[in-house]
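One structure is given below, encoded as structure tokens.
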There are 2 protein chains.
Amino acid sequence: MALTPPRDDETASIDNPLDTLLGYQLRRASAAILADLARALEELELTPTEASVLLLIGHNPGITQSEIGRTLAIQRANMAPIAAMLTERFLLTRTQADGRSQGLLLKRAGVALADRVRAIIAAHEARFLPDLPEEERQSLIGVLRRVWAPR
Amino acid sequence: MALTPPRDDETASIDNPLDTLLGYQLRRASAAILADLARALEELELTPTEASVLLLIGHNPGITQSEIGRTLAIQRANMAPIAAMLTERFLLTRTQADGRSQGLLLKRAGVALADRVRAIIAAHEARFLPDLPEEERQSLIGVLRRVWAPR
DNA sequence: TATTGTTATACTCTATAACTATA
DNA sequence: TATAGTTATAGAGTATAACAATA
């Protein structure tokens, strides 16, 4: 078996060819932000996905599970347990929209929790790129949106 | 049970309060790009993670599994099956660096496959934001790097 | 025929713990 | 004591298929 000399010393920086790739940087940045948000939301016993559903219902009273799923890219099948959990926690009520679909509405506790979610998210977002001018922040968000949103 | 009037008509756009959040846009953009890359790499029977390992070894002959893990944020435990798979496919060889660690080197087939990976990634990256000037692309990558890279 | 909500299930990705051998 | 590689396993998160009820 061949012997390889030890790779340089401890301080030798590894050449990471992925550093110049938009997709890779996006992935790392996204993972870091998501992990931070998950930690910040722990005190509310909500995952980032659950929190996003709560906010969406708050802004769209009467929205259905299927609509939420289409908006947030969550499978219909995966929306069921989320909506059930939020209902069990007395955060929302279901009202019959038509025979097969139900409109979702935040209850008082749901509105209060959504407010806390917004506060946590605001503090969370401020932790990243705090020195980025608001204008550039908006521009960045627009660029990212162009990557995935229907053209 | 209360009755809710149907939510507007089909064309009513849902108010998505997440549209203004950097973290959320990052997550959606990242997921879209990752899915596209996964599809593009299928023909090589490599996942995006496996491809990134291949490229990193190609650029850093003799790198160890642990170093790869630290560089790409892959757990040491999860590197083992990846390295084993690449070895079984005759893409790389292991050489003893010291008693406990092995340096990884691409074999001829690994170098050839890495070249194909680079071509696929180049085409993949060009599909997103094709009209973004190179300078702004670099700037965007720098911003994203600041989000996750050690300061 | 298509859609909604639901259940069951599978699959992937990632994380943790434990172990041996070596530094 | 700390690190490298490995195995086993657990937990999220996500995806698919099927079903009844309704449009």
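First the proteins, then the strands, lettered A, B, ... as listed; each starts at 1.
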Pair Arg27(B), Thr49(A): side-chain N/O donor-acceptor within cut-off below 3.5 Å: yes

Minimum-distance nucleotide (side-chain atoms of Arg27(A) versus dT14(C), dA4(D), dG5(C)): dT14(C)

Sugar-phosphate only, base, or nothing, as touched by Ala83(B) at under 4.0 Å among non-hydrogen atoms: nothing

Value in whole Å for how far the P atom of dT6(D) lies from CD1 of Ile74(B): 14 Å

Length of the CD1-P vector between Ile68(A) and dT3(C), whole Å: 18 Å

Side chain of Arg100(B) (C-beta onward), nearest among dT7(D), dT7(C), dA2(D): dA2(D)

Which residue lies more 5' along DNA chain C, comparing Ala84(A) with Gly99(B) via nearest heavy atoms: Ala84(A)

Spacing of Met79(B) atom CE relative to dA15(C) atom P, expressed in whole Å: 14 Å

Flag side-chain contact, heavy atom, 4.5 Å: Leu86(B) against Leu104(B): no

Nearest to side-chain heavy atoms of Asn78(A), which nucleotide of dG5(D), dT14(D), dT6(C): dT14(D)

Nucleotide nearest Arg94(B) (side chain, heavy atoms from C-beta), chosen from dA4(D), dT6(D), dG5(C): dT6(D)

DNA chain C: 5'-proximal contact among Arg70(A) and Ala73(B) (nearest heavy atom): Arg70(A)

Proximal nucleotide (of dC13(C), dG5(D), dT7(C)) relative to the Thr47(B) side chain: dC13(C)

Atom-pair distance (CD on Glu67(A); P on dG5(C)), nearest Å: 8 Å

Whole-Å distance separating the CD1 atom of Ile82(A) from the C1' atom of dA15(D): 14 Å

N or O in side chain of Gln65(A) less than 4.0 angstrom from dT3(C) OP1/OP2: no

Glu136(B) and Val143(A): CA distance, side-chain angles, deciding distance, side-chain contact (heavy atoms from CB on, under 4.5 Å) verdict: CA-CA 11 Å; Glu136(B) 290 185 40; Val143(A) 168; 5.9 Å; no

Rounded interatomic separation in angstrom, taking CG from Leu104(B) and C1' from dG5(D): 11 Å

Touch class at under 4.0 angstrom, heavy-atom based, for Gln75(A) against every strand present: base

Nearest heavy-atom neighbours spanning Leu46(B) and Arg89(B): CD2-NH1, 3.8 Å

Side chain proximity check, Gln102(B) to Thr64(B), heavy atoms < 4.5 angstrom: no

Cation-pi check, Arg145(A) onto Trp148(A) ring (under 6.0 Å, within 45° of axis): yes

Distance, rounded to the nearest Å, where Ile63(A) contributes CD1 and dG5(C) contributes C1': 15 Å

Minimum-distance nucleotide (side-chain atoms of Ala77(A) versus dT14(C), dG5(D), dA8(C)): dA8(C)

Nearest-Å distance for atom pair CZ/P, residues Arg28(A) and dT14(C): 11 Å

Proximity to the side chain of Thr49(A) - top-ranked nucleotide from dT14(D), dA18(D), dT3(D): dT14(D)

Under 4.0 angstrom between Ser66(A) side-chain N/O and dG5(C) OP1 or OP2: yes

